[in-house]
Structures are given as structure tokens and as C-alpha cells.
There are 2 protein chains.
Amino acid sequence: MPEVPPPAPTGDELLKVLSALGNPHRMRIVAALMESRNYVSALAREIGMGRPLLHMHLQRLEAAGLVVGTLELAEDGKTMKYFEVTPFFYELTPHIIAQAAATITETADRTAKEEAK
Amino acid sequence: MPEVPPPAPTGDELLKVLSALGNPHRMRIVAALMESRNYVSALAREIGMGRPLLHMHLQRLEAAGLVVGTLELAEDGKTMKYFEVTPFFYELTPHIIAQAAATITETADRTAKEEAK
DNA sequence: GGCACCTGTCAAAGATTCCTGACACATCTC
DNA sequence: GAGATGTGTCAGGAATCTTTGACAGGTGCC
């Protein structure tokens with residue numbers, strides 16, 4: 001059976017993905033998590049970035065579905081949140097952008113903060 | 001002859017593309033230009049947006065190589081700048097992001113304004 | 001208890017991006 | 001000349017995003 005045709009992401013989804021990836025730090029974070037999943041504090045040290053900041057960037061990436069974090073219990077009892085990248089795949093072409101643009105709910109702009117879901 | 005393997009965009013390039021496309025207005029602009037190339041003033045009216053603003057967004061899109069504008073002389077002598085989308089194609093996967101992240105010149109961050117080139 | 005490590009959140013400052021109104025210049029038409 | 005349409009740019013305020021330092025809570029070890 002042939003591969004499924006390229007799925008068309010919704011405008012809101014694509015918007016979150018693109019704005020999440022369109023940042024140097026976030027790109028590096030994805031790159032760092034590519035070679036090995038890691039927990040927040042260690043990652044922060046590795047790429048030289050404050051924890052609160054990293055935390056926020058990871059949230060943005062997770063909200064876009066590009067990485068996932070799971071709270072794990074280390075042997076010594078400490079709880080640490082490990083993050084790893086998801087095998088995402090997006091294609092960017094004029095057509096796809098046009099399709100996505102047609103499905104932008106406007107809410108994506110203002111709901112960003114109320115995004116309690 | 002087989003298709004060429006997916007080219008790996010540089011970090012700076014991908015960064016410009018993603019941040020350019022990661023904006024509702026810019027997505028709509030691309031969508032609008034998809035169905036018909038148009039000149040600035042007309043486009044501004046079509047999507048209800050001020051000219052100065054549209055001008056800025058178009059610049060961002062053009063800088064990312066997603067659209068191209070050409071100054072043309074209308075029959076009545078008026079010079080108008082027509083924009084049209086370029087047949088761009090980008091793939092977004094963890095690998096590609098990681099590769100791109102490794103080639104970020106930092107300059108991309110600060111050069112944005114001095115980008116006189 | 002005191003120290004080291006983990007997690008998370010908040011508020012305030014800094015830096016960017018986004019948006020608007022005003023201005024300058026050019027051409028054609030009435 | 002006055003008016004309509006086109007192009008482009010600039011200054012200033014509004015809205016966002018980014019970044020930092022301080023705090024709070026938790027567990028294990030000396």
C-alpha cells in the first residue's frame with residue numbers, strides 16, 4: 001500500500017510549529033535533545049541557559065507537539081522531567097501554506113495566554 | 001535521472017523562513033498571492049491592511065525568499081510593484097532542524113537590522 | 001539541621017515585532 | 001493646479017516575546 005498523502009496541518013497548528021521552530025534557541029534545544037533525551041536542569045547546563053528560560057522554551061515546543069516531557073522518578077527519589085523530540089514531519093510549500101492560512105481561527109492569536117485547555 | 005536528495009538549508013536560512021511564515025498575516029499574504037500575483041496597494045485593499053504594514057511583511061517574506069517583487073511599468077505610466085510567491089519547498093524533521101541548528105551564525109540574530117547586504 | 005539537587009512559577013526589566021499616521025516623490029486625468 | 005493612484009520611508013506608540021533573579025516545594029545525604 002502506498003504512503004498516505006501528505007496530511008494538511010491546520011493553520012493554528014502550523015502556526016504554532018513554525019513560530020516555535022523559528023527561534024535560534026529552540027532550534028538548538030531540539031538539536032540537543034536529538035542526540036539524547038535529557039532532563040531540564042542538565043539540559044540547561046549543557047546549552048548554557050537559565051532554567052526558567054529553558055522551561056519556557058520547552059513549553060512552547062511541547063505545545064507545538066515537537067517534543068514531549070515525562071516526569072520520571074530517579075532511583076534516588078528525585079523527580080526529574082525528561083524531554084525528547086517527537087518524530088515530527090512537516091512540508092512547507094505555497095499550497096500547504098495557503099491551505100493552512102484558510103483555517104486560521106484567529107483564536108490562535110489571542111488564546112495563547114488563556115491556553116489552559 | 002532521480003530526484004535530488006532533500007537539500008539541507010542553512011540555519012540562518014531556515015530561521016528566516018520559519019519566522020517569516022510563522023505569522024498569521026504573512027500566511028494570508030502568501031495565500032492571497034497564490035491565486036494571483038498582485039501589486040502592493042491592491043493587495044493591501046484586498047486583505048484589509050495598511051500599506052506600510054503590508055510593505056514590511058512583504059519585505060520579510062522576500063528576504064526569506066518566499067516571494068519576489070518586480071517593479072513594473074503599467075500602460076498608464078504608473079510604476080507598480082508586483083509580488084508573486086516562489087515555488088519554495090522545505091521539509092521539517094528533527095534531523096533537518098538539528099543540522100540547521102549547527103549552522104547558525106549568530107549573526108542572523110543581530111544582523112537583521114544591518115541587513116543592507 | 002544544613003546542603004545539594006530536582007521541579008515549578010512569578011514579577012519586572014529588556015529587546016523585538018507589529019501597526020498606524022504623516023510625509024515625500026512620480027504620473028496621468030480633469 | 002487639484003485630485004486620484006502608485007511607490008517608499010520614518011517616527012512613535014502598542015503589543016509580544018525573551019530573559020533574569022527570587023521564591024516555594026520536594027527528596028536524599030552528611
Side-chain angles (χ1 to χ4, degrees), chain A residues 15-16 18-29 37-64 68-83 104 106-116, chain B residues 15-16 18-29 37-64 68-83 104 106-116:
Chain A
L15 225 34
K16 264 189 297 189
L18 296 179
S19 59
L21 252 27
N23 174 297
H25 284 180
R26 254 136 25 203
M27 264 197 189
R28 292 208 193 78
I29 292 175
R37 48 176 263 150
N38 208 338
Y39 61 94
V40 190
S41 289
L43 218 196
R45 281 189 295 265
E46 185 185 325
I47 60 183
M49 178 187 296
R51 242 82 84 297
L53 186 52
L54 209 205
H55 188 272
M56 180 265 230
H57 283 313
L58 283 173
Q59 241 178 218
R60 234 155 155 25
L61 288 170
E62 185 166 39
V68 285
T70 56
L71 225 46
E72 292 180 24
L73 214 64
E75 305 181 326
D76 65 346
K78 284 174 183 146
T79 64
M80 32 239 296
K81 192 161 192 178
Y82 275 86
F83 275 91
I104 295 180
E106 286 306 323
T107 344
D109 215 342
R110 308 161 51 274
T111 309
K113 49 190 62 168
E114 312 179 43
E115 186 88 48
Chain B
L15 225 34
K16 264 188 297 189
L18 296 180
S19 59
L21 252 27
N23 174 296
H25 284 181
R26 251 128 39 194
M27 265 198 188
R28 292 208 193 79
I29 291 175
R37 48 176 263 150
N38 207 339
Y39 60 95
V40 189
S41 290
L43 217 196
R45 281 188 294 264
E46 185 184 326
I47 60 184
M49 178 186 297
R51 244 77 85 320
L53 185 53
L54 209 203
H55 189 270
M56 181 263 234
H57 283 313
L58 284 172
Q59 241 178 217
R60 235 156 154 23
L61 288 170
E62 185 167 41
V68 284
T70 54
L71 224 46
E72 291 179 26
L73 215 65
E75 305 182 325
D76 64 347
K78 287 177 182 142
T79 65
M80 33 239 297
K81 192 161 190 178
Y82 275 87
F83 276 91
I104 295 181
E106 286 308 323
T107 345
D109 214 342
R110 307 159 53 273
T111 309
K113 49 192 61 169
E114 316 178 40
E115 184 90 47

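Any value given below was found using the heavy atoms of this structure, including those in side chains, with hydrogens, waters and symmetry copies removed. If you're wondering where the values come from, they're calculated on a predicted model, not measured in any experiment. Chain naming here is simple, since letters A, B, ... match the order of the sequence lines and numbering starts at 1 in each.
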Original post:
Who passes side-chain hydrogen bond (donor to acceptor under 3.5 Å, both in side chains) against A/Arg60, sequence neighbours left out?
Top reply: none
**OP:** Quick one: list whatever passes side-chain hydrogen bond (donor to acceptor under 3.5 Å, both in side chains) with B/His25, sequence neighbours left out.
**Re:** none
Subject >> Short side-chain N/O contact from A/Lys81 to OP1 or OP2 of C/dC6, under 4.0 Å >> reply: no
When you compare the protein's N or O atoms with those of nucleotides 18-27 of chain D, which come within less than 3.5 Å of each other, and at what distance?
residue, atom, partner, partner atom, Å
D/dT18, OP1, A/Asn23, ND2, 3.0
D/dT18, OP1, A/Arg26, NH1, 3.3
D/dT18, OP1, A/Arg26, NH2, 3.2
D/dT18, OP2, A/Arg26, NH1, 3.4
D/dT18, OP2, A/Arg60, NE, 3.3
D/dT19, OP2, A/His25, ND1, 3.3
D/dT19, OP2, A/His57, NE2, 3.0

Subject >> Partner set under ring-ring contact (aromatic ring centres under 6.0 Å, His included) for B/Phe83, not counting sequence neighbours >> reply: none
Rounded to the nearest Å, what distance is computed from the [atom1] atom of residue [X] to the [atom2] atom of nucleotide [N]?
{"X": "A/Gln59", "N": "C/dC10", "atom1": "CD", "atom2": "C1'", "answer": "13 Å"}
{"X": "B/Leu71", "N": "C/dA26", "atom1": "CG", "atom2": "P", "answer": "15 Å"}
{"X": "A/Leu58", "N": "C/dC6", "atom1": "CG", "atom2": "C1'", "answer": "15 Å"}
{"X": "B/Met80", "N": "D/dG8", "atom1": "CE", "atom2": "P", "answer": "11 Å"}
{"X": "A/Asn38", "N": "C/dC6", "atom1": "CG", "atom2": "P", "answer": "10 Å"}
{"X": "B/His55", "N": "D/dT5", "atom1": "NE2", "atom2": "P", "answer": "19 Å"}
{"X": "A/Leu73", "N": "C/dT7", "atom1": "CG", "atom2": "C1'", "answer": "12 Å"}
{"X": "B/Glu72", "N": "D/dG8", "atom1": "CD", "atom2": "P", "answer": "12 Å"}

Original post:
If you pin B/Ser41 and A/Glu75 to their nearest nucleotides in DNA chain D, which one's is more 5'?
Top reply: B/Ser41
In residues 72-79 of chain B, what donor-acceptor pairs under 3.5 Å come from side-chain atoms, sequence neighbours left out?
residue, atom, partner, partner atom, Å
B/Glu72, OE1, B/Arg37, NH2, 3.1
B/Glu72, OE2, B/Arg37, NH2, 2.6
B/Glu72, OE2, B/Thr70, OG1, 3.2
B/Asp76, OD1, B/Lys78, N, 3.2

Subject >> Smallest separation among heavy atoms of A/Ile104 and B/Arg28, with atom names >> reply: CG2-NH2, 3.9 Å
**OP:** Looking only at non-hydrogen atoms, find the nearest pair between B/Leu21 and B/Met27 and report the distance.
**Re:** O-CG, 3.6 Å
Original post:
Which residue pairs pass the side-chain hydrogen bond (donor to acceptor under 3.5 Å, both in side chains) test with at least one member in residues 46-56 of chain B, sequence neighbours excluded?
Top reply: B/Asn38-B/Glu46
Subject >> Side chain of A/Tyr39 - closest among D/dT7, C/dT9, C/dC6 >> reply: C/dC6
